[in-house]
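Following: one structure in structure tokens, then a few remarks.
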Amino acid sequence: MTHVVSQFASSYVFYWKEYFPDVPILCPPGFDGRVVLYPSEQNLKDYLSWRQADCHINNLYNTVFWSLVQKGGLTPAQAQDRLKGTLAAEKNEILFSEFNINYNNEPLLYRKGSVLIWQKVNEVSKKRIKLPNEVDEKEVEVSRWRKETVILHCDVIGDQFWEEHSSILSDDS
């Protein structure tokens with residue numbers, strides 16, 4: 001994992017100007033990574049559910065915080081004081097009543113985060129082959145199954161995700 005995180009950090013800096021040519025990188029980035037072996041499927045589901053809930057809590061806070069600062073004219077310290085001790089319902093009310101933002105309509109990317117999974121895809125291509133005992137080449141379709149990484153922005157807390165992607169928890173994927 002240390003190698004993966006190190007490679008990511010160096011690539012992040014190396015390619016920065018390609019994606020943000022007019023924005024200087026202001027400080028060296030730091031990234032975190034973990035390798036954890038969970039003893040059961042339920043432990044894995046619980047962990048991913050907790051991470052998604054944490055993503056939601058953090059994004060709701062940040063959405064309200066930056067709305068208060070950028071649209072409401074508060075300083076960061078004032079916004080932090082205003083949000084101190086508030087519950088999710090109160091944050092939603094601030095967004096809706098003061099900024100006409102219905103948090104439930106924000107893109108899933110922000111509310112749920114990103115989930116990367118391996119998904120089997122059938123790759124079909126055409127090849128020209130010459131069959132034995134034939135003079136001319138023939139075009140045939142060839143298919144093969146392969147895995148590709150797919151990014152999803154969806155709920156992993158409920159059962160629907162696990163039912164639709166049951167192969168994640170087995171060796172059949």
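Proximity of a side-chain donor or acceptor of S97 to a complementary backbone N or O of E93 within less than 3.5 Å is detected. At least one donor-acceptor pair closer than 3.5 Å links the side chain of Q52 to the backbone N or O of C154. Although no hydrogens or angles enter the test, the distance criterion places no donor-acceptor pair under 3.5 Å between the side chain of K126 and the main chain of E139. The backbone N or O of T75 lies less than 3.5 Å from a partner atom in the side chain of Q78, making a donor-acceptor pair. At least one donor-acceptor pair closer than 3.5 Å links the side chain of N62 to the backbone N or O of N58.
For the pairing with H56, the ring pair (Phe, Tyr, Trp, His ring centres under 6.0 Å) check across W50, Y61, Y103 returns one residue only, Y103. The only member of L152, L109, L108 that meets side-chain contact (heavy atoms from CB on, under 4.5 Å) when paired with S114 is L109.
Hydrophobic cluster membership is shared by F8 and F20, with clusters built from Ile, Leu, Val, Met, Phe, Trp and Tyr side chains linked at under 4.5 angstrom. A chain of hydrophobic side-chain contacts below 4.5 Å, direct or via other Ile, Leu, Val, Met, Phe, Trp or Tyr residues, connects V23 to Y15. Note: the hydrophobic cluster containing W145 does not contain V121 (ILVMFWY, side chain heavy atoms under 4.5 Å, direct or indirect links). Hydrophobic cluster membership is shared by F161 and Y47, with clusters built from Ile, Leu, Val, Met, Phe, Trp and Tyr side chains linked at under 4.5 angstrom. Under the 4.5 Å side-chain heavy-atom criterion for Ile, Leu, Val, Met, Phe, Trp and Tyr, L131 and V142 are members of the same hydrophobic cluster.
Heavy-atom minimum distance, N122 versus S143: OD1-CB, 3.3 Å. The minimum heavy-atom distance linking P29 with A9 is given by the pair CG-O, 4.4 Å. Considering all non-hydrogen atoms of both residues, I157 and S49 come closest at CA-OG, 3.6 Å. R146 and E123 get closest at one heavy-atom pair: NE-OE2, 2.6 Å. Taking every heavy atom of both residues into account, W16 and P24 meet most closely at NE1-C, 3.9 Å.
In the displayed structure, F99 atom CZ is contacted under 6.0 Å by more than 12 heavy atoms of other residues, nucleotides or ligands. More than 12 heavy-atom neighbours from other residues, nucleotides or ligands sit within 6.0 angstrom of CZ on F31. Within a 6.0 Å radius of CD in Q160, no more than 12 heavy atoms belonging to other residues, nucleotides or ligands are found. Surrounding CD1 of I129 are more than 12 heavy atoms belonging to other residues, nucleotides or ligands, all under 6.0 Å away.
Residues R51 and D54 are not paired through a salt bridge, judged by the lack of any N-O separation under 4.0 Å between the basic side chain and the carboxylate. R111 has no carboxylate O lying under 4.0 Å from a charged side-chain N of E106, or vice versa, which leaves the two without a salt bridge.
With rounding to the nearest 0.5 angstrom, the CG atom of L83 is 9.0 Å from the CG atom of L60. Here the NZ-CG distance, from K17 to D22, works out to 9.0 Å after rounding to the nearest 0.5 Å. Remark: H153 NE2 to C55 SG distance equals 10.5 Å, nearest 0.5 Å. To the nearest 0.5 Å, atom CZ of residue F96 and atom CG of residue N105 are 9.0 Å apart. Within the model, atoms CG of L74 and CD of Q80 stand 12.0 Å from one another, a figure rounded to the nearest 0.5 Å. Here L48 contributes atom CG and W162 contributes atom CH2; the two are 5.0 Å apart, rounded to the nearest 0.5 Å.
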* **Intermediate values then yes/no, side-chain contact (heavy atoms from CB on, under 4.5 Å), K84 and D81** => CA-CA 5 Å; K84 198 178 298 177; D81 284 343; 3.4 Å; yes
* Should K138 and D136 be marked as a salt bridge (charged side-chain N to carboxylate O under 4.0 Å, His left out) after you check the CA-CA gap, both sets of side-chain angles, and the distance that decides it? -> CA-CA 6 Å; K138 185 179 194 179; D136 295 330; over 6 Å; no
* Kindly indicate, with the supporting measurements, whether the criterion side-chain contact (heavy atoms from CB on, under 4.5 Å) is fulfilled by R82 and V64. => CA-CA 10 Å; R82 172 109 187 258; V64 180; over 6 Å; no
* **From CA spacing to verdict: side-chain contact (heavy atoms from CB on, under 4.5 Å), I101, K71** => CA-CA 12 Å; I101 297 172; K71 298 174 183 173; 3.7 Å; yes
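By the 4.5 Å heavy-atom criterion applied to side chains, V13 and P28 are not counted as neighbours.
Counted by atom type alone, D46 and Y38 present zero donor-acceptor pairs between their side chains at under 3.5 Å.
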